[in-house]
2 protein chains.
Amino acid sequence: MRIAELSRRTGVPIPTIKYYMREGLLPQGERTGPNQARYGEEHVRRLRLARALVEVGGLPVASAREALALIFSSGVSEFDVLGKAQYALTPPRERAGDGAGDDAGDEAAAQVDELIARRGWQVKPGNPARRTLADALATLRRLGEDDYLDLLETYAETAEQLADTEVRAISRRGDLHSMAEAVVIWTALGDPVIASLRRLAQEARAARLLGGTAEDTS
Amino acid sequence: MRIAELSRRTGVPIPTIKYYMREGLLPQGERTGPNQARYGEEHVRRLRLARALVEVGGLPVASAREALALIFSSGVSEFDVLGKAQYALTPPRERAGDGAGDDAGDEAAAQVDELIARRGWQVKPGNPARRTLADALATLRRLGEDDYLDLLETYAETAEQLADTEVRAISRRGDLHSMAEAVVIWTALGDPVIASLRRLAQEARAARLLGGTAEDTS
DNA sequence: GGATAGCGGACAGTGTCACTATCTACTATG
DNA sequence: CATAGTAGATAGTGACACTGTCCGCTATCC
């Protein structure tokens, strides 16, 4: 198949496909001449995947490249697919702002460690989610929301349930490639799915508790 | 207080503060002369909030403005704080790509409606989370992950638990202003907190189930 | 009272990011 | 052999979130 068909089948404009190739999200097609190449089903799949990560998952192109490289490489064992995917999928974050004499950050980091230990979780010290979580907690604390501890407990409990179901579902996959793919897809797309469901459930619960009606306020 | 102190106390550079004022995230200070103004505690609080929404919550500046306007206005009843906050906090999304003969979108939208109905949730038809969720599900379907139904059920269940705890916590706040603030903060910052916890729990669960160790793979 | 630092406001500039457009030389196909 | 399509290179675009600079004025310290 040539590039026009690749574009038609995926809905991605040709210039964008070329851009993705330049950026390493897609490999070159099989060359048949100085200005001709052929693309196969793997290109279709990989392009769809790239599009999903960038558009729905909101990943930066560089992170999508990492994630795709992970999926379509052969050097991963099932023991570190997940870790590597998490590294690839977490866009780099700069150190959060250090105001004057601000120790909220350190306290939050300690709190994260404590939470992980208390739950009996085995988490690598380099997992970027530690940092993200600590940053968010530090911010919460700076905003005076220091009564977040019970909410955090609920969140952690909930996250455990999610992770349990997810890891079980993933481990049912046959081959390693399919597992890696599922890990990336669900890590990246699970976030918006969960966020949406949370909002929907919030509105429903609020309507019930506060007696609001289902009228549109727009 | 003058702008230098405002900057010092919040860690936000002066040019950025000026920019936020231009963009309506912060109101003008109380003028004391043609080129002098005074800022109060409310400015500090509002600036910290703005910063948190943009930096940690990842909101576009325009959405942060909406959310702040909601908090610091008086015309909201407790019945629609949540709905309005959700509208304000959901960055506008364009219609997802329509490839050739693609009905995954419609099917996904129907699936969302069905899920909401089955759960007995009362959700306004205009809630933007419907669209986000439908888009994500459609993408999943296009990627061939059509076995997501049981996972979705777990997610929905989980979201309900979260929402229950959250709405209860919010409704314990005294005044409406504090409620509005909490809704915005927790809606925006809850997402990264939950996402991080999910990743941490995933790694822990995976280590347990697949027998991975806690070595660093970096 | 004069030097210095800081201020508010306007406006232009910067860096990043994800594309998008154009051009050239070449190829496939009716 | 005319037309449409192609690969690859390079430059341009538009959105976004700042950031820098300048002006005329003010506050404050010696």
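Residue numbers start from 1 in every chain, and the chains themselves are labelled A, B, ... in the order their sequence lines are given, proteins ahead of strands.
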Over all atoms of both residues, closest heavy-atom pair of A:Pro91 and A:Ser63
CA-OG, 4.1 Å

Euclidean distance, atom CZ of residue B:Arg2 to atom C1' of D:dT26 [Å, nearest integer]
9 Å

Tell me which nucleotide among D:dT26, D:dA7, D:dT6 gets nearest to the side chain of A:Tyr39.
D:dA7

Heavy atoms under 4.0 Å is the rule here; annotate nucleotides 12-24 of chain D 5' to 3' with B where the base is hit, S where only the sugar-phosphate is, and - elsewhere.
-----BBB----B

Measuring from [X]:[atom1] to [Y]:[atom2], what's the distance to the nearest 0.5 Å?
X	Y	atom1	atom2	result
B:His43	B:Ile3	NE2	CD1	9.5 Å
A:Tyr87	A:Leu70	OH	CG	13.5 Å
B:Thr16	B:Leu25	OG1	CG	11.5 Å
A:Ile194	B:Tyr155	CD1	OH	4.5 Å

Do any side-chain nitrogens or oxygens of B:Arg31 fall under 4.0 Å of OP1 or OP2 in D:dC25?
no

At less than 4.0 Å, is any side-chain N or O atom of A:Gln28 found next to OP1 or OP2 of D:dG8? Yes or no.
yes

Electrostatic pair A:Arg205:B:Glu166 at N-O distance under 4.0 angstrom:
no

Step by step, work out the side-chain contact (heavy atoms from CB on, under 4.5 Å) result for A:Leu200 and B:Leu115.
CA-CA 11 Å; A:Leu200 295 174; B:Leu115 173 75; 5.9 Å; no

Which is it for B:Arg48 and B:Glu41 under the salt bridge (Lys or Arg N to Asp or Glu O under 4.0 Å) test, yes or no, and what are the steps along the way?
CA-CA 11 Å; B:Arg48 286 214 178 105; B:Glu41 288 305 315; over 6 Å; no

Taking any atom closer than 4.0 angstrom to a non-hydrogen atom of chain A, what span of DNA chain C does the protein reach, first nucleotide to last?
C:dA18 to C:dA28

